[in-house]
J.: 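I'd like to ask some things about the structure below.
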Amino acid sequence: MSTRATPGGPITPITPVIPATPGTPAGARRPRLNVGHESWDLIWSHVHRVLVVNLGVAVTNLPLLLALAAEHRPWRYPVFFGLLSLSAGPSLAAAFAYLRATADDARAPVTTLFRGYRRLFTRALLAWTPFALLAAVAATDLATLGTTGPGPLLAPLLIVVTLVALSSGVVAMAALAEDIRLTRHTLLAASYASVRRWPLALLNLALLGVALTIVNQAPLLGLAAVPGCVLFVVWRDCRAMLESVGAVSTRSH
């Protein structure tokens with residue numbers, strides 16, 4: 001350190017300037033996360049929505065989830081798991097109805113989901129059962145005929161029937177969540193929408209398959225994070241599919 005004399009004043013020490021080392025900003029400051037109130041409210045509303053849907057899926061499908069936790073190869077018992085999967089229809093309808101309700105109230109209480117489950121249970125079960133049985137029969141035939149002579153010839157048809165049946169069941173649950181009456185035309189519209197918008201149908205089935213696999217392999221972690229996010233995307237896709245065939249109004253909820 002050197003000194004400098006000023007006229008008529010004391011000797012003032014001169015402090016040397018030390019250059020900043022590479023990678024160290026001058027006058028270092030901690031980064032601040034500047035997020036507005038509206039952004040935080042949107043984030044927590046989405047988290048609330050996902051957690052409520054996760055809870056509803058876990059409670060309404062408890063027997064199926066316990067069976068999946070005990071058996072990691074459910075395809076070996078198609079009849080048993082096929083019967084348990086019937087509970088998935090009313091559960092999907094209730095989840096879709098809750099997601100529709102959150103358009104008006106972003107933090108709708110969890111009781112909204114269970115009221116929707118009770119209100120839609122009978123109609124959802126009646127609409128879901130034929131599609132689930134058709135998918136189960138086609139999948140069983142595919143597995144049985146796979147090693148026989150005509151198996152390779154029938155395999156593409158059976159695969160298409162299985163995929164269309166599963167997608168139609170999911171779209172039908174979304175239609176019931178829109179308060180559409182359960183009629184033969186509703187089921188036909190769900191099937192037609194699945195065929196006409198087949199890219200969205202395949203995307204929905206892929207997302208649901210991934211979610212089911214994650215929940216099967218890691219039940220607690222999967223149920224805590226996956227179903228709500230996946231079902232939100234599936235619900236939006238199903239609404240777009242129904243709108244394309246004129247089954248629901250194009251107004252946004």
J.: Would you say Phe96 and Leu203 are hydrophobically clustered, going by side-chain heavy atoms of ILVMFWY under 4.5 Å?
T.: yes

J.: Could you give all pairs that pass the salt bridge (charged side-chain N to carboxylate O under 4.0 Å, His left out) test and reach residues 119-133, with sequence neighbours left out?
T.: Arg119-Asp179

J.: Not counting sequence neighbours, which residues clear side-chain contact (heavy atoms from CB on, under 4.5 Å) with Pro109? List them please.
T.: Asp105, Thr111, Thr112

J.: Can you find a heavy atom in the side chain of Leu242 that is under 4.5 Å from one in the side chain of Arg239?
T.: no

J.: Taking all heavy atoms of Val245 and all of Ala189, pick out the closest pair and write down the distance.
T.: CG2-O, 4.2 Å

J.: For Leu66, which fellow cluster members are found when Ile, Leu, Val, Met, Phe, Trp and Tyr are connected by side-chain heavy-atom distances below 4.5 angstrom, either directly or through intermediates?
T.: Leu62

J.: Applying a strict under-4.5 Å side-chain criterion to I, L, V, M, F, W and Y, I'd like to know whether Ile159 and Leu205 cluster together.
T.: yes

J.: According to the ring-ring contact (aromatic ring centres under 6.0 Å, His included) rule, which pairs have a member within residues 100-142, sequence neighbours left out?
T.: Tyr117-Phe121

J.: I need the minimum non-hydrogen distance between Leu120 and Ala97, along with the two atoms involved.
T.: CD1-CB, 3.9 Å

J.: Verify the cluster assignment for Leu133 and Leu126: are they in a single hydrophobic cluster under the rule of side-chain heavy atoms below 4.5 Å apart?
T.: no

J.: Specify the closest pair of heavy atoms between Gly222 and Pro227, including all atoms of both residues, with the distance to one decimal.
T.: O-CD, 3.1 Å

J.: What pair of heavy atoms forms the shortest contact from Met241 to Ala201, and how long is it?
T.: CE-CB, 4.0 Å

J.: For residues Leu221 and Ile214: do they belong to one hydrophobic cluster (side chain heavy atoms under 4.5 Å, members Ile, Leu, Val, Met, Phe, Trp, Tyr)?
T.: no

J.: Any donor and acceptor pair, going by atom type alone, linking the side chain of Asp237 with main-chain N or O of Asn204 inside 3.5 Å?
T.: no

J.: Among Ile, Leu, Val, Met, Phe, Trp and Tyr joined by side-chain contacts under 4.5 Å, find the other residues sharing a cluster with Leu65 and list them by chain and number.
T.: Val215, Leu223

J.: As an exercise, state the distance from CG of Leu86 to CG of Leu64, rounded to the nearest 0.5 Å.
T.: 10.0 Å

J.: Measuring from atom OG1 of Thr102 to atom NE2 of His46, what distance do you get when rounded to the nearest 0.5 angstrom?
T.: 10.0 Å

J.: Mind checking what makes ring pair (Phe, Tyr, Trp, His ring centres under 6.0 Å) contact with Phe232, not counting sequence neighbours?
T.: none

J.: What closest approach, in Å, do Leu176 and Ala127 show between heavy atoms, and which atom pair accounts for it?
T.: CD1-CB, 4.2 Å

J.: Verify side chain to side chain contact (heavy atoms under 4.5 Å, CB included) between Leu182 and Leu187, making sure each step is shown before the conclusion.
T.: CA-CA 8 Å; Leu182 176 59; Leu187 304 182; 4.0 Å; yes

J.: Within this structure, what is the OG-CG distance for the pair Ser168 and Leu166, rounded to the nearest 0.5 Å?
T.: 8.5 Å

J.: Distance check, rounded to the nearest 0.5 Å: Gln217 atom CD versus Leu212 atom CG?
T.: 10.0 Å

J.: Does Val230 have any side-chain contact (heavy atoms from CB on, under 4.5 Å) partners at least two apart in sequence or in another chain, and if so, which?
T.: Leu207, Leu208, Ala211, Val226, Val234

J.: Between the side chain of Ser167 and the main-chain N/O of Leu163, is any donor-acceptor distance below 3.5 Å?
T.: no

J.: How far does OH of Tyr98 sit from CZ of Arg49, to the nearest 0.5 angstrom?
T.: 7.5 Å

J.: Apply salt bridge (charged side-chain N to carboxylate O under 4.0 Å, His left out) to Arg115 and list each qualifying residue two or more places apart in sequence or on a separate chain.
T.: none

J.: Which heavy atom of Arg197 sits nearest to which heavy atom of Ala240, and what is that distance?
T.: NH1-O, 3.6 Å

J.: Go through the steps for Trp235 and Arg100 under the test side chain to side chain contact (heavy atoms under 4.5 Å, CB included), then give the verdict.
T.: CA-CA 9 Å; Trp235 170 66; Arg100 180 173 179 262; 3.9 Å; yes

J.: Calculate, to the nearest 0.5 Å, the distance between atoms OG1 and CG belonging to Thr129 and Leu134 respectively.
T.: 12.5 Å

J.: Is any side-chain heavy atom of Val170 less than 4.5 Å from a side-chain heavy atom of Cys238?
T.: yes

J.: What's in the same ILVMFWY side-chain cluster as Val160, cut-off under 4.5 Å, chained through other members?
T.: Val164, Val195

J.: Taking side chain to side chain donor-acceptor pair (under 3.5 Å) as the test, write out the residues that go with Asn61, two or more places apart.
T.: Ser87, Ser91

J.: Mind checking side chain to side chain donor-acceptor pair (under 3.5 Å) for Thr186 and listing every partner two or more places apart, or none if nothing turns up?
T.: Thr183

J.: Test: ring-ring contact (aromatic ring centres under 6.0 Å, His included). Region: residues 164-217. Which pairs qualify, not counting sequence neighbours?
T.: none

J.: Hydrophobic clusters here meaning ILVMFWY residues chained together by side-chain heavy-atom distances under 4.5 Å, can you tell me if Leu55 and Val52 are in one?
T.: yes

